[in-house]
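Data block below; observations after.
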Amino acid sequence: LQVIRMLADTTGSTGKQLRREVAEIVFTVSNIRAVLQHAASHLELQQLGAEVLTRLAMDEDAREKIGGTGSVISLLLAMFFRQGITDEGDAVRVEAGEALAMLALDSPHNCERILNAAPTVVDRLVEALSDNAVGVGAARILTNLCAYTGGERFPEVRAVTSGAATVLRNI
């Protein structure tokens with residue numbers, strides 16, 4: 001994961017090409033998914049896995065591949081909503097939020113996947129706005145859901161307006 005993170009950190013056109021190529025390797029995202037899924041007791045590995053996904057998702061094509069890999073979004077949501085008992089646990093939640101926000105950016109497909117991951121995901125994101133650890137991440141995810149979700153999902157996303165007061169208060 002460290003090597004992949006270094007590759008994903010590369011800037012410029014070289015970095016863009018590297019991210020695209022790394023994400024196209026079938027096993028890369030699947031292996032990161034396995035780390036997220038089975039490393040619950042190893043928070044450092046989960047945080048690193050989410051960080052790699054965040055960086056890979058900077059590329060539009062990679063973003064779609066990651067979102068389309070079974071259960072990655074569900075795993076990230078579970079990590080994001082898990083209550084952090086320690087600072088390390090909160091760091092994992094923050095990084096999971098970063099990955100989700102990046103996956104939702106400019107991606108109607110991934111926004112749809114986030115909304116389909118759990119029936120109460122919008123309500124839980126609105127609740128998370130008042131959480132000091134992940135409030136900013138929740139706001140970024142909700143912003144992307146509002147911006148890139150199709151009109152047929154508007155009734156679900158409309159619940160976001162109830163969290164607007166919390167966002168303004170926190171700002």
Side-chain angles (χ1 to χ4, degrees), residues 1 8 23 26-43 45-85 89-164 166-167:
L1 284 176
V26 175
F27 298 113
T28 303
V29 178
S30 295
N31 287 338
I32 294 170
R33 178 188 60 202
V35 167
L36 298 179
Q37 190 171 20
H38 299 294
S41 60
H42 301 286
L43 297 178
L45 282 176
Q46 279 193 325
Q47 183 177 356
L48 184 58
E51 187 177 332
V52 169
L53 290 177
T54 302
R55 295 205 170 114
L56 290 175
M58 291 190 296
D59 178 74
E60 188 176 336
D61 293 335
R63 192 178 305 142
E64 295 301 324
K65 285 186 187 311
I66 294 166
T69 301
S71 75
V72 168
I73 286 178
S74 296
L75 289 167
L76 288 169
L77 283 167
M79 289 166 53
F80 183 75
F81 290 130
R82 181 178 41 199
Q83 292 300 311
I85 298 170
D90 281 340
V92 171
R93 294 174 65 211
V94 168
E95 196 58 52
E98 289 292 319
L100 287 164
M102 187 58 74
L103 288 170
L105 180 66
D106 216 10
S107 175
H109 290 110
N110 285 339
C111 288
E112 190 73 26
R113 291 175 179 123
I114 290 170
L115 290 172
N116 289 335
T120 61
V121 72
V122 173
D123 294 333
R124 293 185 72 191
L125 286 167
V126 170
E127 288 174 21
L129 290 170
S130 59
D131 185 323
N132 289 334
V134 294
V136 172
R140 290 184 60 220
I141 296 164
L142 286 167
T143 299
N144 289 335
L145 289 177
C146 289
Y148 303 111
T149 299
E152 65 278 356
R153 297 302 291 262
F154 181 74
E156 288 174 77
V157 180
R158 197 175 100 152
V160 172
T161 58
S162 67
T166 304
V167 171

In a table with atom names and distances, give each donor-acceptor pair under 3.5 Å that connects a side chain of residues 68-84 to protein atoms at least two apart or in another chain.
| from | atom 1 | to | atom 2 | distance (Å) |
| --- | --- | --- | --- | --- |
| Thr69 | OG1 | Lys65 | O | 2.8 |
| Arg82 | NH2 | Gln46 | OE1 | 2.8 |

Checklist outcome for this item: For Arg93, the side-chain hydrogen bond (donor to acceptor under 3.5 Å, both in side chains) test, sequence neighbours excluded, returns Asp90, Asp131
Next on the checklist: If the condition is side-chain contact (heavy atoms from CB on, under 4.5 Å), which residues does His42 pass it with, not counting sequence neighbours?
Outcome noted: Ala39, Leu45
Checklist entry - Is the shortest heavy-atom distance from the side chain of Asn144 to the side chain of Ile114 under 4.5 Å? => result no
Checklist entry - With sequence neighbours excluded, what pairs up with Glu112 under the side-chain hydrogen bond (donor to acceptor under 3.5 Å, both in side chains) test? => result Arg153
Checklist entry - Can you tell me how far the CG atom of Leu53 sits from the CG atom of Leu48, to the nearest 0.5 Å? => result 10.0 Å
Item to check | All salt bridge (Lys or Arg N to Asp or Glu O under 4.0 Å) counterparts of Glu98, not counting sequence neighbours | outcome: Arg140
Checklist entry - Of all heavy-atom pairs between Ile66 and Val29, which one has the smallest distance, and what is that distance? => result CG1-CG2, 3.9 Å
When the side chains of residues 100-107 are checked against the rest of the protein, which donor-acceptor pairs come out under 3.5 Å, sequence neighbours left out?
| from | atom 1 | to | atom 2 | distance (Å) |
| --- | --- | --- | --- | --- |
| Ser107 | OG | Glu64 | OE2 | 2.5 |
| Ser107 | OG | Asn110 | N | 3.1 |
| Ser107 | OG | Asn110 | ND2 | 3.4 |

Checklist entry - Say you draw a straight line from OG1 of Thr149 to CG of Leu115; how long is it, rounded to the nearest 0.5 Å? => result 5.0 Å
Item to check | Closest non-hydrogen atom pair between Ala99 and Ala50, with its separation | outcome: CB-O, 3.8 Å
